[in-house]
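A short worksheet on the structure shown next.
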Number of protein chains: 2
Amino acid sequence: MANINEIAKRAGVSVSTVSRVLNNHSYVSEEKRVAVQRVIDELDYTPNRLAVDLIRQETRTIGVIMPYNNNPAFDQMLHGVLNRSVEQDYTVMVLPTKYDLSKELDCFNRLKNKQLDGIIITSRSNSWDILVPYAKYGAIVACEYTDHPEIGCAYMDRYASYLEAFRLLRERGHSRVAFTTARGTESNSTKLTIKAYKQIFGDYPPAYHIGDCYRLEDGLRAGEQLLHAALRPTAVYANGDEVAAGIYQYARGIQLEVPEDLAIIGQENQTVGIGLGLASVDHQLVKVGEQAFDLIIQKSKNKIEIPYKIHLRQSI
Amino acid sequence: MANINEIAKRAGVSVSTVSRVLNNHSYVSEEKRVAVQRVIDELDYTPNRLAVDLIRQETRTIGVIMPYNNNPAFDQMLHGVLNRSVEQDYTVMVLPTKYDLSKELDCFNRLKNKQLDGIIITSRSNSWDILVPYAKYGAIVACEYTDHPEIGCAYMDRYASYLEAFRLLRERGHSRVAFTTARGTESNSTKLTIKAYKQIFGDYPPAYHIGDCYRLEDGLRAGEQLLHAALRPTAVYANGDEVAAGIYQYARGIQLEVPEDLAIIGQENQTVGIGLGLASVDHQLVKVGEQAFDLIIQKSKNKIEIPYKIHLRQSI
DNA sequence: CTGAAAGCGCTAACAG
DNA sequence: CTGTTAGCGCTTTCAG
């Protein structure tokens, strides 16, 4: 395709004049303007974005680290980011990592190699010590709390929310309470869930904890593992409504009534939970994503807490 | 940050040698290799991606046109694309358009301005006449059938699937059948739905057609509009399981039994439908996305049909 | 095996 | 108001 030199030559002007009309910079005489525009239209010319970004040292593109692309929680945050990016005319790159350390670093390298102006971390697996140095190459915002001054965050008080949910279950008379979490104990939210559980129920019975839960099928598996135990739990806290739905389905399949035989509370107010009438701890992940985006483009390192909500529904 | 010249100077070699070790091209003497690598490590150097892409005339990045970012069907296709892109080490840009004509064109311009190697269209609003010319700038693959030889497609036979679903309802004795669709009549799938409806039921009663349905809330609205009619429909085909879930919820709210009082069949086998036991016409959108991605990187203009499945569940 | 030099396509400081 | 020119940072002929 034609380039800016070609346009300049054909219009009988210099490239800087063409550049000026392209970006309507300063003043260009009306006749040259028109001449340039005519050639641009004739040749159906579009400036090369890579060249522009290269020289401007800015891409107006931000990346979103998403360990998995089939996890509804990450999707919710991504949607929040997209909501804002479209308003602000920014582009977003989706960066799947599978929680792989080196794949994750490759993503951060896109900050260093100038391909991205900023990165939003929905979840990570490298330690902050490794990641923080990348902040000198571009804005980094996390969707979890961290006190590193170089990192902005849009976070929720997960610990408080878990405490409140467990307290709720205890108040309703439950003492045998099971729960599900995502990754094993290396995950921050898993740690906080266990900590809150101990805080409310005193001890931590490993048999009541099912890890690696993300989607409905994982909930079915959790149901199978939990609901045939000698001392069957009377309530379960699921780390997502899809997981909760799987548990619900399994429970109904073996003739258990919800909430009479099993109380269920899920997380993130996902559609399936609304459909099934499942109570849910809603961390407002869409808002988290929106806030994260706002921080990125303001190059702000503020720490913004997004309040959580609890939706009480029939399942409890 | 340091650039390739800096590395060359410090390593006492030319930039071409640095480039060679960077891309391990041809042979470089071991001593120079080591010298260059040492400087690279010392300076923590990373090549600028924009400069590389600019000169290589390739970005290994593809865009996915997604009219809305809160629509589960588009999400399913995006997930398919991401599944493959991560395997093939491609990057994906999400391009929200809101079905706005000029915003959509802006996205196609990213092909022309060399920012993208290809574009996958999950849904579009410009006519093919406008869009096809962009195929000369990069690969375009659609997730719907088109016979334009320049456009590859990963499509499903929507018409056949609608026919089968409506036939199923008729066979089960339903004659008052309502249905929901997405956008108004300008959308291809809406047209096909109406056509199939007429084919099976003879005429097309506008009162039984609710448009602009995407999510659960739209289903609630559809339920409200449909289920208080004098001649209440006995069955409804919903263009998505989230919409179906909304209708289900509304129906249960006014004491209707499913399927006794109202049979419901949804679409795309989404989690909420699985949770509620809703029958579903599954166009396998994740596979569609995967196939679309494969076509893009093979630069293939083939037309690949993805078969649909019908999941029979209690709601029918 | 290695380096010089010519770009890729664009912006912006500077001089006029 | 306009043109010249020096880059942005990299790859790749083409000689040697």
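Keep in mind that the numbers below use all heavy atoms, side chains included, and drop hydrogens, waters and symmetry copies. Computed from a predicted model, the values in this text were never measured in an experiment. Here is how names work: the chains are called A, B, and so on, in the same order as the sequence lines, proteins then strands, and each is numbered from 1.
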Within the sub-3.5 Å range, which N or O atoms of nucleotides 12-14 of chain C have a protein N or O partner, and how far apart are they?
| from | atom 1 | to | atom 2 | distance (Å) |
| --- | --- | --- | --- | --- |
| C:dA12 | OP2 | A:His25 | NE2 | 3.4 |

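Distance, B:Lys114 NZ to C:dC10 C1': 16 Å, rounded to whole Å. Going from atom CD of A:Glu58 over to atom P of D:dC8 covers 18 Å, rounded to whole Å. Distance, B:Asn24 CG to D:dT11 P: 12 Å, rounded to whole Å. Atom-to-atom, CD of B:Glu31 to P of C:dC1 comes out at 12 Å; the value is rounded to the nearest Å. The interatomic distance linking B:Gln57 (CD) with C:dG7 (C1') rounds to 11 Å, in whole Å. Atom CG of A:Asn5 and atom P of C:dT11 are 11 Å apart (whole Å). Rounded to an integer number of Å, the gap from A:Tyr27 OH to D:dG3 P is 19 Å. In this entry the distance linking NZ of B:Lys112 with C1' of C:dG9 reads 15 Å, nearest Å.
No side-chain N or O of B:Asn3 forms a donor-acceptor pair with one of B:Asn48 less than 3.5 Å apart. Using modelled atom types, one finds a donor on one side chain and an acceptor on the other under 3.5 Å when comparing B:Asp41 with B:Gln37. The closest side-chain donor-acceptor pair between A:Gln76 and A:Gln270 falls under 3.5 angstrom.
Using a 4.0 Å heavy-atom cutoff across all strands shown, A:Val18 reaches no nucleic acid atom at all. The residue B:Lys32 sits close only to the backbone: its heavy atoms come under 4.0 Å of sugar-phosphate atoms, none of a base.
OP1 or OP2 of C:dG9 sits under 4.0 Å from a side-chain N or O of A:Asn3. A:Ser29 has a side-chain polar atom (N or O) that falls below the 4.0 Å cut-off from OP1 or OP2 of D:dT2.
No salt bridge links A:Asp147 with A:Lys303; every basic N to acidic carboxylate O contact stays at or beyond 4.0 Å. Between A:Glu144 and A:Arg158 no salt bridge is recorded (no basic side-chain N to carboxylate O distance below 4.0 Å). No salt bridge links B:Asp212 with B:Arg183; every basic N to acidic carboxylate O contact stays at or beyond 4.0 Å. Under 4.0 Å is where a charged nitrogen must lie from a carboxylate oxygen, and between A:Arg60 and A:Asp117 no such pair does.
Within the structure, the side chain to side chain donor-acceptor pair (under 3.5 Å) test picks out the following pairs touching residues 90-102 of chain A (sequence neighbours left out): A:Thr91-B:Arg110, A:Tyr99-A:Ser123, A:Asp100-A:Ser102.
Checked against a 6.0 Å centroid threshold, the rings of B:Phe74 and B:Tyr68 do not count as neighbours.
Across C:dG9, D:dG3, D:dT11, the shortest atom-to-atom separation from the side chain of A:Asn48 is found for C:dG9. Across C:dT11, D:dT11, C:dC8, the shortest atom-to-atom separation from the side chain of B:Ile4 is found for D:dT11.
For B:Lys9, the NZ atom counts as loosely surrounded, since its 6.0 Å shell holds 12 or fewer non-hydrogen atoms of other residues, nucleotides or ligands.
An end-to-end axis angle of 40° holds for the helix from C:dC1-D:dG16 to C:dG16-D:dC1, taken from five base pairs per end and rounded to 10°.
Both B:Thr17 and B:Ala51 lie near DNA chain C, and the one whose nearest nucleotide falls closer to the 5' end is B:Thr17.
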